[in-house]
Amino acid sequence: MMLIGCDFHPSWQQVCWVDTETGETQQCKLVHAAGEAEKFYGQFSAPARIGMEATGNCQWFVEMLAALGHEVWIGDAAKIRASDVRQQKHDRRDAALLLRLLMEERFPRIWTPSSEQKDLRQLLIHRYKLVRLRAQAKNGLQHLAMNQGLQKKNRLWSKAGQQALRDLALQPWASRRREDLLNVLVMLDRQIESLDLAVQQAAEQNENAKLLMSQPGIGPVTSLAFVLTMGDVSRFPRGKQVASYLGLIPREYSSGGKQRFGPISKQGNRFMRMLLVEAAQVAVRCDPQLRREYLQRCHHDKPKGVAKVAAARKLAIRLYWMLHTQKRYPEIVHVESSSRVALGG
């Protein structure tokens, strides 16, 4: 079997490989534009195992290897770097390190979504980007209105508010900006509406997403994003690991018997973390248990931001338990969801 360590870059890659039957090993550099990568991997008749760090802009490469019948292992970049004690880093050493980890069966392989899951992620990301553009357009219009003494806040987007905005007497370029932003807003509203419908349909076709939507505060976007982000939840033995995976646990600086906790780690998927915090703010108004814990933290002089993140962490663990046990709300409320209790315990 061929084992190949691949140090991938957008325009080229450094590979180091070994034939486990003969022990022969070599290194070389492959330039993508010249088609060297496809020619190199196409020469192996038997399936090869390729190990590479998690990186962006490599989907074409992974799909090419899959089409050739090879096995691709994606590794945790931080753990790979930590496995080499020498303070030397260059492409040939990186490729050799990846190969060594494969040979020693220490490669820190991580879960990767399927091609279909990646495409659904693009749907959610595209919608999120357009929503941000719409918010920027609205902020620009609010700025124009407030400069003319028109302060309607959210009422500016009503029919009366829109008419009042159009009736403002503005200078030529300010007027041009108003018209362009209003046109952009109409276009974005139409596009986001179609994407909302697509997300709704995708969530209803996914049984796990439908299950999560039984939780108050969880809509199609958050439920589908959680399913696509977590994948197979059985890979997490504890709820605390889910919170850590999403970056919702505090940093710890403990030493000498003293525990010191800082802000949350903010590791993992930032988009998913943002959705959970937003969903938690709705859930605390609809879910009695979450509301009680949220208010208790607020009454202990904790900043509201801390209480919101704590609610998001609790919500994430509950969603994890819902997927693992396949129980709907409110049945899941009666299941012990402490992050300190193992699923098998």
>> Can you confirm whether or not the ring centre of Tyr294 sits under 6.0 Å from the ring centre of His299?
In response: no

>> Looking only at the side chains, is there a donor atom on one of Gln171 and Trp173 sitting less than 3.5 Å from an acceptor on the other?
In response: no

>> For Gln201 and Gln205, which I'm curious about, is there any donor-acceptor pair between the side chains at under 3.5 Å?
In response: no

> So is Arg100 actually on top of Phe107's ring, under 6.0 Å and inside 45° of the axis?
Replying inline: no

> Should Arg49 and Leu102 be marked as a side chain to side chain contact (heavy atoms under 4.5 Å, CB included) after you check the CA-CA gap, both sets of side-chain angles, and the distance that decides it?
Replying inline: CA-CA 9 Å; Arg49 178 176 299 165; Leu102 286 173; 4.2 Å; yes

>> Which heavy atom of Leu141 sits nearest to which heavy atom of Leu165, and what is that distance?
In response: CD2-CD2, 4.0 Å

> After noting the C-alpha distance and the side-chain angles of Arg81 and Lys89, does the key distance pass the side chain to side chain contact (heavy atoms under 4.5 Å, CB included) rule?
Replying inline: CA-CA 9 Å; Arg81 180 91 308 262; Lys89 184 184 185 304; 4.0 Å; yes

> Side-chain donor-acceptor pair under 3.5 Å between Asp196 and Gln200, yes or no?
Replying inline: no

> Are Tyr329 and Asp287 close enough that a side-chain donor and a side-chain acceptor fall under 3.5 Å?
Replying inline: yes

> Are side-chain N/O atoms of Gln26 and Glu24 paired as donor and acceptor at under 3.5 Å?
Replying inline: yes

> Got Leu319 and Met230 here, is their nearest side-chain heavy-atom distance under 4.5 Å?
Replying inline: no

> Are Phe40 and Trp17 close enough that their ring centres sit under 6.0 Å apart?
Replying inline: yes

> So, for Tyr41 and His70, which heavy atoms are closest and what is the spacing to 0.1 Å?
Replying inline: O-NE2, 2.8 Å

>> Could you tell me if His143 and Asn139 have a donor-acceptor pair between their side chains, going purely by distance under 3.5 Å?
In response: no

>> Would you say that Phe8 contacts Glu53 through its side chain, given a criterion of any heavy-atom pair below 4.5 Å between the two side chains?
In response: no

>> For the residue pair Gln122 / Arg127, report whether a side-chain donor-acceptor contact shorter than 3.5 Å exists.
In response: no

>> Against Asp91, only a single residue in His9, Gln27, Gln13 fulfils side chain to side chain contact (heavy atoms under 4.5 Å, CB included); can you say which?
In response: His9

> What's the shortest heavy-atom distance between Val15 and Ala95, and which atoms?
Replying inline: C-CB, 4.2 Å

